[in-house]
Amino acid sequence: MTSTYGRRTYRFNASSIQRGLAALLCATALGGCSDLGYLLSNEKVTDADNDQVVFVGDSIFALSGEIQDQLEAKAGETFRRYTVSGAELSGSLITPSVPDQFREAVADNPDIDTMVGDGGGNDILIPAIALDPNNCKTPWYRFGQLSQDCKDMIDDIYVEGVDFLNEVAQAGAKNGILVGYYHTKNGLFRLDSMEEAVDYGNQTLARACRNSILDCAFVDPRPVITDRDIIFDGIHPAESGSKKIADLIWPELQPLL
């Protein structure tokens with residue numbers, strides 16, 4: 001599939017999906033693939049029609065760029081993009097982290113009104129796919145019993161999330177739109193048992209959004225994303241999923257443009 005807006009053309013096909021999976025496997029197996037994270041991401045955009053809107057985050061945004069494409073089509077203008085596949089909120093397996101992406105944006109042009117993005121998903125998902133050391137999976141025989149280790153780890157993400165959103169505000173941004181995560185499914189990775197961790201994680205991210213000093217809106221995609229909206233890896237949004245997420249973001253973003 002090819003989509004064109006303004007001066008840029010983006011291609012999203014099965015090979016790009018496979019490369020995204022390679023990025024995730026690289027992170028879990030090798031403990032760091034910084035250059036690969038960039039290569040498996042949608043093109044970075046440092047100068048756009050509207051430089052005051054900046055996108056940061058992980059492969060939910062970065063792999064295909066379809067969410068940004070949809071929003072740019074609605075707005076009739078392009079925005080800056082710094083998203084990187086595999087990026088974490090607090091970790092450094094694949095760099096730059098989400099906060100580092102925002103710092104890059106500030107260094108390029110500090111005149112930022114609105115930050116749109118996500119963060120924290122890979123902090124939970126990458127360990128769970130590797131060895132699940134925090135017992136974040138809850139198979140049917142443990143349903144309703146999310147481990148305390150997993151909760152403690154996600155609570156640490158809350159601190160990182162508040163710190164990041166506060167940093168965005170302190171850099172001069174007026175608004176933030178923080179997108180949560182949807183339930184993954186069994187695909188190439190067996191991730192249907194991550195539902196409770198995703199639920200607890202979204203509660204935590206929403207609380208970080210509320211408790212930061214940034215004027216922050218939290219967008220929860222769980223009510224609209226179904227298994228059909230997720231590609232075969234069980235993680236990333238299909239075109240239909242990206243459109244649904246963009247449709248959720250747009251009512252928050254449009255009044256800020």
Side-chain angles (χ1 to χ4, degrees), residues 1-17 19-20 23 40-87 98 101-102 105 112-122 173 175-185 202 205 209 216-257:
M1 175 178 20
T2 301
S3 56
T4 303
Y5 298 110
R7 297 180 299 275
R8 300 190 309 281
T9 300
Y10 301 95
R11 292 180 175 84
F12 180 49
N13 50 40
S15 63
S16 69
I17 295 170
R19 290 195 302 271
L40 305 177
S41 301
N42 199 235
E43 180 186 1
K44 182 190 291 187
V45 177
T46 61
D47 185 16
D49 299 332
N50 186 342
D51 283 342
Q52 286 71 51
V53 177
V54 169
F55 281 79
V56 298
D58 56 36
S59 57
I60 300 301
F61 284 93
L63 184 58
S64 72
E66 183 67 25
I67 296 172
Q68 296 98 306
D69 287 348
Q70 292 279 341
L71 291 168
E72 289 176 350
K74 293 174 185 292
E77 60 182 357
T78 58
F79 309 119
R80 287 199 277 163
R81 307 185 186 194
Y82 291 84
T83 56
V84 177
S85 292
V98 177
Q101 293 168 25
F102 183 77
I112 300 172
D113 288 337
T114 303
M115 180 280 298
V116 185
D118 64 352
N122 282 325
N175 306 285
I177 300 173
L178 183 63
V179 181
Y181 294 89
Y182 45 83
H183 292 146
T184 49
K185 70 176 184 180
N202 271 11
L205 290 171
C209 202
C216 180
F218 182 74
V219 173
D220 186 352
R222 286 176 298 172
V224 301
I225 299 296
T226 69
D227 283 357
R228 291 184 178 182
D229 298 316
I230 305 171
I231 65 172
F232 67 90
D233 64 356
I235 302 169
H236 295 99
E239 184 176 1
S240 61
S242 293
K243 184 180 185 303
K244 287 181 177 181
I245 295 171
D247 287 344
L248 290 176
I249 295 172
W250 180 241
E252 302 294 343
L253 178 61
Q254 183 182 27
L256 306 178
L257 299 178

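All values below come from the heavy atoms of this structure, side chains included, with hydrogens, waters and symmetry mates left out.
Judged by distance alone, with hydrogens and angles left aside, the side-chain atoms of Tyr181 form a donor-acceptor pair with the main-chain N or O of Gly119 at under 3.5 Å.
Remark: Lys244 pairs with Asp229 by the side-chain hydrogen bond (donor to acceptor under 3.5 Å, both in side chains) rule, at least two apart or across chains. Scanning for side-chain hydrogen bond (donor to acceptor under 3.5 Å, both in side chains) contacts around Thr184 gives an empty result, with sequence neighbours left out. The side-chain hydrogen bond (donor to acceptor under 3.5 Å, both in side chains) check on Asn175 picks up nothing, with sequence neighbours excluded. Remark: Asp247 pairs with Lys74, Lys243 by the salt bridge (charged side-chain N to carboxylate O under 4.0 Å, His left out) rule, at least two apart or across chains. Every residue meeting the side-chain contact (heavy atoms from CB on, under 4.5 Å) condition with Glu77, not counting sequence neighbours, appears here in chain and number order: Asp49, Asn50, Ala75, Phe79, Leu257. With sequence neighbours left out, the side-chain hydrogen bond (donor to acceptor under 3.5 Å, both in side chains) criterion links Asp220 to Asn202, Arg222. Qualifying side-chain contact (heavy atoms from CB on, under 4.5 Å) partners for Ile112, counting only residues two or more places apart in sequence or in other chains: Val54, Arg80, Phe102, Ala105, Val106, Ala173.
The CZ atom of Arg81 lies 10.5 Å from the CD1 atom of Ile67; values are rounded to the nearest 0.5 Å. In this structure, the separation between CD1 on Ile231 and OG on Ser240 is 11.0 Å, given to the nearest 0.5 Å. Rounded to the nearest 0.5 angstrom, Gln52 CD and Thr114 OG1 are separated by 9.0 Å. To the nearest 0.5 Å, atom CD of residue Gln254 and atom CG of residue Leu71 are 10.5 Å apart. Note: Phe55 CZ to Gln101 CD = 12.5 Å, rounded to the nearest 0.5 Å. Atom-to-atom distance recorded for Leu178:CG and Cys216:SG is 5.0 Å, nearest 0.5 angstrom.
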task = Given side-chain contact (heavy atoms from CB on, under 4.5 Å), test Ile235 with Ile230 step by step and report yes or no.
result = CA-CA 6 Å; Ile235 302 169; Ile230 305 171; 5.5 Å; no
Test side-chain contact (heavy atoms from CB on, under 4.5 Å) on Ile245 and Ile225 and set out the steps. CA-CA 8 Å; Ile245 295 171; Ile225 299 296; 4.0 Å; yes
> Can you list the steps and then say if Thr83 with Gln68 is a side-chain contact (heavy atoms from CB on, under 4.5 Å)?
Replying inline: CA-CA 10 Å; Thr83 56; Gln68 296 98 306; 3.7 Å; yes
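At a cut-off of 3.5 Å, with distance as the only test, a side-chain donor of Glu66 or Gln70 sits close to an acceptor on the other residue. Side-chain N/O atoms of Asp227 and Tyr182 include no donor and acceptor closer than 3.5 Å.
The shortest side-chain heavy-atom distance between Val98 and Asp58 does not fall under the 4.5 Å cut-off. Between Leu248 and Val224, some side-chain heavy-atom pair lies under the 4.5 Å cut-off. The shortest side-chain heavy-atom distance between Ile177 and Leu256 falls under the 4.5 Å cut-off. Side chains of Val56 and Phe61 form no contact here, defined as non-hydrogen atoms less than 4.5 Å apart. In this structure the side chain of Thr78 never reaches within 4.5 angstrom of the side chain of Val45, judged on heavy atoms.
Closest approach of Thr46 and Asp51 over heavy atoms only: O-OD1, 4.2 Å. Shown here for Ser64 and Ser242, the closest heavy-atom pair between the two residues is OG-OG, 4.3 Å.
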